[in-house]
Structure formats: structure tokens, C-alpha cells
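Shown next, in C-alpha cells, is the structure this report addresses.
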Amino acid sequence: MAHHHDHHEPQGAALTRAAQATLEKSGEQWTTMRASVYAALAGFTKPASAYDIAEAVSQEQGRRVAANSVYRILDLFVGANLARRVESANAYIANAHPDCLHDCIFLVCDSCGQTVHIDDDALTRGVRSAALSAGFSPERPVIEVRGKCAACEHPRP
Ligand SMILES: [Zn+2]
Ligand SMILES: [Zn+2]
């Protein structure tokens with residue numbers, strides 16, 4: 001479903017390496033804690049809340065990790081393009097292309113929560129220029145489409 005024409009989408013260990021490289025390029029360190037939060041985030045197949053991620057990190061580390069510190073790290077990840085916030089779900093998702101900047105469009109299934117992302121730079125450029133024409137400085141277009149994924153719309157008998 002993801003339409004990427006001009007760049008590849010790393011996965012698994014390759015995605016983690018790309019995320020680490022991007023964070024370090026931004027002048028931040030890839031600490032053990034940040035690595036754990038990233039691993040937990042990337043391990044979710046759906047957008048996860050800071051609490052979900054704190055829970056996963058706590059279990060993995062065998063000690064209580066506060067949602068607050070996880071939230072700060074997620075904030076850092078979003079700023080560095082390692083993660084995206086899915087606003088309508090109040091949750092986070094690992095950015096599939098940390099080394100490449102797009103205004104991602106999220107398709108969020110209301111039945112199962114599955115969220116896929118597509119990139120359509122012509123469309124998002126249009127949104128940005130429409131905002132500019134209205135005298136508004138766009139910083140981050142948020143385009144999320146709620147509906148039903150193919151699996152929920154056409155369940156197998
Ligand atoms: Zn994207
Ligand atoms: Zn679904």
C-alpha cells in the first residue's frame with residue numbers, strides 16, 4: 001500500500017540502523033534507553049501510545065519505566081523524523097523512512113486500528129500551497145484518513 005517512488009523503505013534491523021544514523025546525524029546520542037524505546041515502538045504493528053510503549057519497555061527491562069520519560073524520547077524521535085504522531089489516534093508509529101522527509105498520509109482503520117502510510121508529495125504540496133495562499137505558514141500538514149482496511153472491509157469467510 002505504501003507508495004514510494006524515489007526512496008527505499010528499510011525494515012527490521014535495517015530500519016533500526018537507519019533510525020540510529022538519522023538520530024546521530026541530528027547530534028543526539030543513541031543511548032540504551034532510546035534504543036529500547038525505539039525497539040518497542042518499531043515492534044508495534046499499530047500506532048502505540050506512550051503508555052503502551054512504556055509498558056513494553058518496562059517488561060523488556062524488568063523495571064518500571066515512567067511514561068513521562070518515554071514521552072520525552074518519543075518527542076525527540078518525532079523531532080528527528082524517527083517517529084510520527086498519528087494525531088487522530090493519539091499514538092506514535094515508527095517512521096518508515098527516517099532518512100527522507102515526507103508529509104506522510106495515514107490511513108487508519110476504525111475496526112482493527114491497523115494504520116498504513118502513503119506518501120503523495122503532489123497532494124501534500126498542494127495542501128501546503130493552499131495554506132500559503134491563505135496567508136498561513138504551514139509547518140506540518142496532518143492528513144489522516146479514517147475508514148476500513150481491506151481485511152476488515154472484505155473479511156475472508
Ligand atoms: Zn511517508
Ligand atoms: Zn482493519
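Only a predicted model underlies this, so the values are computations on that prediction, with no experimental measurement involved. All values below were derived from every heavy atom in this structure, side-chain atoms included, with hydrogens, water molecules and symmetry-related copies excluded. First listed ligand is number 1; within each ligand, the first listed atom is number 1.
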- Message: Is there a path of hydrophobic side-chain contacts, each under 4.5 Å between heavy atoms of I/L/V/M/F/W/Y residues, joining V145 to V142?
- Response: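 No, V142 and V145 fall in different hydrophobic clusters.
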
- Message: Quick check for you: with the Zn ion (ligand 2) as the vertex, what angle do SG of C149 and SG of C109 span, to 10°?
- Response: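 Approximately 110° at the metal, rounded to tens of degrees.
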
- Query: How wide is the angle at the Zn ion (ligand 2) between SG of C112 and SG of C152, to the nearest 10°?
  - Reply: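 The two atoms form an angle at the metal of about 110°.
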
- Check: D119/H97 side-chain N/O donor and acceptor closer than 3.5 Å: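 Yes, H97 and D119 have a side-chain donor paired with an acceptor closer than 3.5 Å.
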
- Message: Is it the case that the side chains of R63 and S58 hold a donor-acceptor pair, with the cut-off being a distance below 3.5 Å and no angle test?
- Response: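 No pair is found: no donor N or O on one side chain lies under 3.5 Å from an acceptor on the other.
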
With a cut-off of 2.8 Å, does [X] place any N/O/S atom under that distance from the Zn ion (ligand 1)?
X    : result
C100 : no
D119 : yes
H102 : no

- Assess whether salt bridge (charged side-chain N to carboxylate O under 4.0 Å, His left out) is satisfied between R128 and D103, documenting all intermediate values. CA-CA 10 Å; R128 282 177 177 271; D103 295 323; 2.7 Å; yes

- Query: Would you call E55 and R64 a salt bridge, using N to O less than 4.0 angstrom?
  - Reply: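 Yes, charged N to carboxylate O under 4.0 Å.
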
- What angle, to the nearest 10°, do the atoms NE2 (H97) and NE2 (H117) form about the Zn ion (ligand 1)?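 Computed angle, vertex at the Zn ion (ligand 1), rounded to 10 degrees: 100°.
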
